[in-house]
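Here the structure comes first, spelled out in structure tokens, and everything after it is commentary.
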Amino acid sequence: MNSHKWNLNGKKALVTGASRGIGRAICMEMLTLGAEVVAVARGMDDLQSMQQDRGILASDLSLLKADVSRKEGRERVRDFCKEKFGRLDILVNNVGTNIRKVALEYDDMDMYTIFSTNLHSAFELSRDCFPMMQEKGGSIVNLSSVAGVTHLRTGVIYAMTKAAINQMTRNLAVEWANRNIRVNAVSPWYTRTPLAETVLQDPAYRSQVLERTPLGRIGEPEEVASLVAYLCMDHAAYITGQVIHVDGGFLVNGFDPTLPAQNPSASFPDPLS
């Protein structure tokens with residue numbers, strides 16, 4: 001077993017949407033595994049608290065305030081990484097947002113906000129970082145959602161962006177394979193993040209979510225982060241073009257009336273309760 005590959009030692013990583021939830025957990029995981037990380041977000045307060053949490057590893061963490069949904073923000077990120085690292089081994093396109101409405105209520109600004117944050121930022125930042133990855137190769141991981149595969153009550157525009165992320169992942173994986181740049185996506189179901197908690201705080205809705213999740217609980221950010229980190233390791237060097245779901249079995253949960261209804265509270269404590 002090549003245990004020496006089970007780390008990110010010496011890897012230079014960029015993570016967007018890094019101040020909270022899954023993005024924060026990804027930064028923590030990568031730092032623990034030996035990577036140097038540039039953490040990007042629109043606000044500095046949460047980023048700075050993350051640096052304090054790292055303690056002795058804080059020297060491997062750089063904080064950058066930038067809005068990657070805007071061209072000038074992406075250029076700032078690109079220039080910062082180029083000056084600091086000279087190369088880039090890992091790009092995690094994690095930043096995302098949502099506006100929950102029914103289809104007929106969306107206006108142009110809603111569409112622009114969701115598309116520019118969730119999809120356009122990932123595509124353009126991937127292209128911006130390509131020159132820093134093309135010589136030695138690297139790993140790009142895009143954060144998708146099960147909403148890009150099946151209907152959820154998240155709103156059609158959010159679902160559209162995540163479906164597009166999945167196809168962007170596949171296309172770039174093939175197009176950039178000759179540069180040894182691997183491109184994968186990680187697709188979570190409900191995970192305990194600030195964005196998800198806005199709807200999961202409704203007990204009735206949370207109960208419905210849990211009933212449809214075979215593992216009977218909400219996911220943890222660290223459970224998503226561990227897969228993202230693995231996909232960036234040398235151990236995962238033959239994995240590209242994949243959309244991997246971290247969903248507690250949600251997407252494969254069909255209908256079987258002979259099975260008892262899920263009762264998560266009995267044996268799977270709800271982390272949000």
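Predicted model, so just to flag it, every value in this text is computed and none were measured.
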> Which heavy-atom pair separates Met233 from Leu33 by the least distance, and what is that distance?
Replying inline: CE-CD1, 3.7 Å
> How long is the span from the OG atom in Ser144 to the CG atom in Asn166, to the nearest 0.5 Å?
Replying inline: 3.5 Å
>> To the nearest 0.5 Å, what is the distance between CG on Leu172 and CG on Asn184?
In response: 11.5 Å
> Which atom names give the shortest non-hydrogen contact between Asn93 and Ser121, and what distance separates them?
Replying inline: OD1-O, 4.4 Å
>> Minimum heavy-atom separation for Ser49 and Arg24, please, with both atom names.
In response: OG-NH1, 3.3 Å
> Do Val186 and Ile181 share a hydrophobic cluster (ILVMFWY, side-chain heavy atoms under 4.5 Å, transitive)?
Replying inline: no
>> Determine whether a donor-acceptor pair (N or O, by modelled atom type, separation under 3.5 Å) exists between the side chain of Ser207 and the backbone of Pro203.
In response: no
> Side-chain contact, heavy-atom cut-off 4.5 Å: Leu227 with Ile244?
Replying inline: yes
> Are Leu152 and Val156 connected in a single hydrophobic cluster, I mean Ile/Leu/Val/Met/Phe/Trp/Tyr linked by side-chain heavy atoms less than 4.5 Å apart?
Replying inline: no
Return all side-chain donor-acceptor pairs below 3.5 angstrom for residues 128-138, not counting sequence neighbours, or 'none' if the list is empty.
none

> Can you name the residues that form a ring pair (Phe, Tyr, Trp, His ring centres under 6.0 Å) with Phe85, not counting sequence neighbours?
Replying inline: none
> Which atom names give the shortest non-hydrogen contact between Cys232 and Leu8, and what distance separates them?
Replying inline: O-CD2, 3.6 Å
All N/O donor-acceptor pairs, side-chain side in residues 64-72, below 3.5 Å, sequence neighbours left out:
from: Asp67; atom 1: OD1; to: Ser69; atom 2: N; distance (Å): 3.1
from: Asp67; atom 1: OD1; to: Ser69; atom 2: OG; distance (Å): 2.6
from: Asp67; atom 1: OD2; to: Ser69; atom 2: OG; distance (Å): 3.3
from: Arg70; atom 1: NE; to: Glu72; atom 2: OE2; distance (Å): 3.0
from: Arg70; atom 1: NH2; to: Glu72; atom 2: OE2; distance (Å): 3.1

> For Tyr230, what residues pass the ring pair (Phe, Tyr, Trp, His ring centres under 6.0 Å) criterion, not counting sequence neighbours?
Replying inline: Trp6
>> As an exercise, state the distance from OG1 of Thr161 to OH of Tyr158, rounded to the nearest 0.5 Å.
In response: 6.5 Å
> In terms of heavy-atom contacts, does CG of Asn178 have more than 12 from other residues, nucleotides or ligands at under 6.0 Å?
Replying inline: yes
> Do we get Arg153 above Tyr205's six-membered ring, with its NZ or CZ under 6.0 Å from the centre and within 45° of the axis?
Replying inline: yes
>> Under 4.5 Å between side-chain heavy atoms, counting indirect links through other Ile/Leu/Val/Met/Phe/Trp/Tyr residues: same cluster for Val141 and Val183 or not?
In response: no
> Where is the tightest heavy-atom contact between Trp176 and Ser126, given as atom of each residue plus distance?
Replying inline: CH2-O, 3.6 Å
>> Once side-chain contact (heavy atoms from CB on, under 4.5 Å) is applied, do any residues pair with Gln167, and if so which ones, sequence neighbours excluded?
In response: Arg170, Asn171
> What's the spacing between Glu29 CD and Ile22 CD1 if we round to 0.5 Å?
Replying inline: 13.0 Å
> For Lys11 and Glu36, what are the C-alpha separation, side-chain angles and deciding distance, and is it a side chain to side chain contact (heavy atoms under 4.5 Å, CB included)?
Replying inline: CA-CA 6 Å; Lys11 303 286 188 184; Glu36 293 182 60; over 6 Å; no
>> Can you tell me how far apart CD1 (Ile239) and CG (Leu231) are? Round to the nearest 0.5 Å.
In response: 6.0 Å
>> I'd like to know if the side chain of Lys162 and the backbone of Leu143 have a donor-acceptor N/O pair within less than 3.5 Å.
In response: yes
>> Is a donor from one side chain sitting under 3.5 angstrom from an acceptor on the other, for Thr16 and Asn94?
In response: no
> For Glu223, what residues pass the salt bridge (Lys or Arg N to Asp or Glu O under 4.0 Å) criterion, not counting sequence neighbours?
Replying inline: Arg217
>> Tell me every residue that passes salt bridge (Lys or Arg N to Asp or Glu O under 4.0 Å) with Asp110, counting only those two or more places apart in sequence or in another chain.
In response: Lys101
> Excluding sequence neighbours, so at least two apart, what forms side-chain contact (heavy atoms from CB on, under 4.5 Å) with His245?
Replying inline: Val146, Val149, Ser187, Val243, Asp247, Leu251
>> List the residues meeting side-chain contact (heavy atoms from CB on, under 4.5 Å) with Phe123, not counting sequence neighbours, and say none if there are none.
In response: Arg127, Met168
> Do Met30 and Ile90 come close enough that some side-chain heavy atom pair is under 4.5 Å?
Replying inline: yes
>> If we ignore hydrogens and angles and just use 3.5 Å, is the side chain of Thr191 paired with the main-chain N or O of Thr193 as donor and acceptor?
In response: no
>> When you group the ILVMFWY residues by side-chain heavy-atom contacts below 4.5 Å and let the links chain together, are Val37 and Leu88 in the same group?
In response: no
>> Please check this pair: side chain of Arg182 against backbone of Tyr238, looking for a donor-acceptor N/O pair closer than 3.5 Å.
In response: no
> Where the side chain of Gln242 meets the backbone of Thr240, is there a donor-acceptor pair that is under 3.5 Å apart?
Replying inline: yes
>> Side chains of Val209 and Phe250, heavy atoms from C-beta outward: is any pair under 4.5 Å?
In response: no
> Looking at residues at least two apart in the chain, or sitting in another chain, which of them share a salt bridge (Lys or Arg N to Asp or Glu O under 4.0 Å) with Arg87?
Replying inline: Asp89
> Given side chains that start at C-beta, do those of Leu14 and Val92 come closer than 4.5 Å, heavy atoms only?
Replying inline: no
> CH2/Trp189 to CG/Leu215 distance, rounded to the nearest 0.5 angstrom?
Replying inline: 13.0 Å
>> Going by salt bridge (Lys or Arg N to Asp or Glu O under 4.0 Å), name the residues that satisfy it together with Arg74, two or more places apart in sequence or in a different chain.
In response: none
> When Ile99 is tested against each of Ile114, Asp107, Ile157, Thr154 for side-chain contact (heavy atoms from CB on, under 4.5 Å), which residue passes?
Replying inline: Ile114
>> Test of understanding: with side-chain contact (heavy atoms from CB on, under 4.5 Å), list the residues that count as partners of Ala39, not counting sequence neighbours.
In response: Ala18, Cys27, Leu47, Met50, Leu61, Leu63
> Between Asn253 and Thr213, what is the shortest heavy-atom contact and its length?
Replying inline: ND2-N, 4.4 Å
> Linking I/L/V/M/F/W/Y whenever any side-chain heavy atoms sit under 4.5 Å apart, do Val15 and Val77 land together?
Replying inline: no
